[in-house]
Participant: 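Please see the structure below; I have some questions.
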Amino acid sequence: MGVSDNTRGLILAMASSAFIGSSFILKKKGLKRAADSGTRAGVGGYTYLLEPLWWAGMVLMIVGEVANFVAYVYAPAVLVTPLGALSIIISAILAHFMLKERLQKMGILGCVSCIVGSVVIVIHAPQEHTPNSVQEIWALATQPAFLIYVAATLSAVLALILYFEPRYGQTNILVYLGICSLMGSLTVVSIKAIGIAIKLTLEGISQVAYPQTWFFITVAAVCVITQLNYLNKALDTFNAAIVSPIYYVMFTTLTISASAIMFKDWSGQDASSIASEICGFITVLSGTIILHATREQEPATASDWSGNYVQREYSYEDFLPKMVRKTLV
């Protein structure tokens, strides 16, 4: 009996998480070294490009992203994306030993919750219908519901870059990670389209001549470059223990939403399976929040009104909306 597409996607997604989780730590160490000898990435510096550790992390991230790329070809986003929680566990453990960002006892509960939630999602993940051509994918991408999502996403990204980043980028992690996550959701659907095109081409049904293939490649390239730029800023400005889980939660939520709208991942599933997947997803999110809330924080650099940089200790509550913070008091 052959291995199912979902199993292939599962194995690739797990390998991807291992590489990406490790890359966060190596890149963070490279960014720290670069900050000691030049301008920080969080304020526009690029000295990290001379750091071997940063490049080692970058290579691991590329390998992880390639594995993730192939995973999306075989399995739906509702299965592949939540498994990114494994990268949080790996980065948390490595940060404890390599970055001295202490993992507390409650953090272990967060790790366990992530694993349990991931298992539930894997068990109830849907079998996906693979489009037979790029033109079929294009028809999905140009349906009104997805076009509305794209318009809303691009509008939010422009607002974050043009208005919120200059004012709050150095003090609120949601600005940088909001840009990363929103662009990331478009990256995933574009990469899935490219992967399917490559798979069909290798099977003898060439998709190279279709302009839609090159359009998806262009979109993916722009989105990936934007993600990397703002992820570097987030890692350089804030504790890796904060960046990893918040980025995961935002990216996963938006990616599943985009994929569900475009590829109709839940089409044909019964209410029980969908409810189980949602419960698994909520369990994973809860695990990331616990892990994030119980991790030791480090000083983040913020800019005062005169343009000088000052040190301030940030807790996870600083990044929550005011109404939410009031309920925690």
Participant: Which heavy-atom pair separates Val120 from Ser276 by the least distance, and what is that distance?
Facilitator: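 Nearest pair, atom of Val120 first, then Ser276: CG1-O, 3.4 Å.
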Participant: Are more than 12 heavy atoms, taken from residues, nucleotides or ligands other than Met250, located less than 6.0 Å from that residue's CE atom?
Facilitator: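 Yes, CE of Met250 has more than 12 neighbouring heavy atoms, counting only those of other groups under 6.0 Å.
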Participant: Please say whether the positively charged group of Arg167, taken as NZ for Lys or CZ for Arg, lies over the ring of Phe164, i.e. under 6.0 angstrom from the six-membered ring centre and within 45 degrees of the axis.
Facilitator: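 The answer is no; the distance or angle limit is not met.
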Participant: Answer yes or no: is there a side-chain heavy-atom contact under 4.5 Å between Val122 and Leu79?
Facilitator: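 Of all side-chain heavy-atom pairs linking Leu79 with Val122, at least one is under 4.5 Å.
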Participant: Just checking Phe215: does its CZ atom have more than 12 heavy atoms from other residues, nucleotides or ligands closer to it than 6.0 angstrom?
Facilitator: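 No, because the 6.0 Å sphere around CZ of Phe215 holds 12 heavy atoms or fewer from other groups.
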Participant: Would you say CZ of Phe19 has more than 12 non-hydrogen atoms from neighbouring residues, nucleotides or ligands within 6.0 angstrom?
Facilitator: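 No, CZ of Phe19 has 12 or fewer neighbouring heavy atoms, counting only those of other groups under 6.0 Å.
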Participant: State, with a plain yes or no, whether a side-chain heavy atom of Tyr230 is found less than 4.5 Å away from one of Leu177.
Facilitator: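 Result no, sub-4.5 Å side-chain heavy-atom pair not found.
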Participant: Is it true that a side-chain atom of Ser91 and a backbone atom of Gly21 form a donor plus acceptor pair closer than 3.5 Å?
Facilitator: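 No; zero donor-acceptor contacts below 3.5 Å.
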Participant: Is the closest side-chain heavy-atom distance between Phe251 and Val188 below 4.5 Å?
Facilitator: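 Yes, at least one pair of side-chain atoms sits under 4.5 Å.
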Participant: Going hydrophobic residue to hydrophobic residue with side-chain gaps under 4.5 angstrom, can you get from Val222 over to Met61?
Facilitator: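 No, Val222 does not connect to Met61 through the hydrophobic network.
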Participant: Looking at Leu186 and Cys223, what are the two nearest heavy atoms and their distance?
Facilitator: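 Closest pair (atom of Leu186, atom of Cys223, distance): CB-SG, 4.0 Å.
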Participant: Between Leu235 and Tyr176, is any pair of side-chain heavy atoms under 4.5 Å apart?
Facilitator: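 The answer is no; the side chains never approach within 4.5 Å.
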Participant: Closest heavy-atom contact between Ile256 and Ala77?
Facilitator: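 Shortest heavy-atom separation between Ile256 and Ala77 comes out as CG1-O, 4.3 Å.
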Participant: Any idea which heavy atoms bring Leu160 and Gly178 closest together, and the distance?
Facilitator: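 Where Leu160 meets Gly178 most closely, the heavy atoms are CD1-C, 3.9 Å.
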Participant: Between Thr283 and Ile121, is any pair of side-chain heavy atoms under 4.5 Å apart?
Facilitator: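 No; the side chains remain at least 4.5 Å from each other.
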Participant: Determine yes or no for a side-chain-to-main-chain donor-acceptor pair under 3.5 angstrom, with Gln143 supplying the side chain and Ile261 the backbone.
Facilitator: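 Present.
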Participant: If you group Ile, Leu, Val, Met, Phe, Trp and Tyr by side-chain heavy-atom gaps below 4.5 Å, do Ile62 and Ile225 land in one group?
Facilitator: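 No, Ile62 does not connect to Ile225 through the hydrophobic network.
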Participant: Starting from the C-alpha separation in whole Å, work towards a yes-or-no answer on side-chain hydrogen bond (donor to acceptor under 3.5 Å, both in side chains) for Thr187 and Gln227.
Facilitator: CA-CA 9 Å; Thr187 301; Gln227 278 182 268; 2.8 Å; yes
Participant: Using atom types as modelled and distance alone, determine if a side-chain donor or acceptor of Glu136 lies under 3.5 Å from a backbone N or O of Asn132.
Facilitator: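 Looks like yes, one N/O pair under 3.5 Å.
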Participant: Looking only at side-chain N and O atoms, does Ser259 offer a donor or acceptor that is under 3.5 Å from a partner on Tyr72?
Facilitator: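 The answer is no; no qualifying pair exists.
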Participant: What I'd like to find out is whether the side chain of His124 reaches to under 4.5 Å of the side chain of Val119, using heavy atoms alone.
Facilitator: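 No - every pair of side-chain heavy atoms lies 4.5 Å or more apart.
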Participant: Strictly by salt bridge (charged side-chain N to carboxylate O under 4.0 Å, His left out), give each pair with a member in residues 267-283 just once, sequence neighbours left out.
Facilitator: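 Qualifying pairs: none.
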Participant: Under 6.0 Å between ring centres: does that hold for Tyr210 and Trp138?
Facilitator: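 When the ring centroids of Tyr210 and Trp138 are compared, they turn out to be at least 6.0 Å apart.
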Participant: With a 4.5 Å heavy-atom cut-off, do Ser118 and Val284 have their side chains touching?
Facilitator: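 The answer is yes, as the side chains (C-beta and beyond) meet within the 4.5 Å cut-off.
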Participant: Mind listing the closest non-hydrogen atom pair of Leu162 and Pro166 along with its distance?
Facilitator: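 Taking every non-hydrogen atom into account, O-CG, 3.7 Å.
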Participant: In terms of hydrophobic clustering (I, L, V, M, F, W, Y; side-chain heavy atoms under 4.5 Å; direct or indirect links), are Leu154 and Ile161 co-clustered?
Facilitator: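 Yes.
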Participant: State whether the side chain of Ser17 and the backbone N or O of Ala13 hold a donor-acceptor pair below 3.5 Å, judged by distance alone.
Facilitator: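 The answer is yes, because a donor-acceptor pair under 3.5 Å joins these two groups.
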Participant: For the CG atom of Asn6 and the CD1 atom of Ile11, what is their distance to the nearest 0.5 Å?
Facilitator: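 Going from CG on Asn6 over to CD1 on Ile11, the span is 11.5 Å.
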Participant: So do Lys27 and Leu228 actually touch side chain to side chain, heavy atoms under 4.5 Å?
Facilitator: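 In short, these two side chains touch, coming nearer than 4.5 Å.
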Participant: Where the side chain of Trp54 meets the backbone of Leu26, is there a donor-acceptor pair that is under 3.5 Å apart?
Facilitator: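 Not at all, since once roles are kept as given, no pair shorter than 3.5 Å links the two residues.
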Participant: Who are the salt bridge (charged side-chain N to carboxylate O under 4.0 Å, His left out) partners of Glu165, not counting sequence neighbours?
Facilitator: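 Applying salt bridge (charged side-chain N to carboxylate O under 4.0 Å, His left out) to Glu165 gives Lys233.
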Participant: Without hydrogens or angle criteria, can the side chains of Tyr149 and Ser185 be said to hold a donor-acceptor pair below 3.5 Å?
Facilitator: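 Yes - a donor-acceptor pair under 3.5 Å links their side chains.
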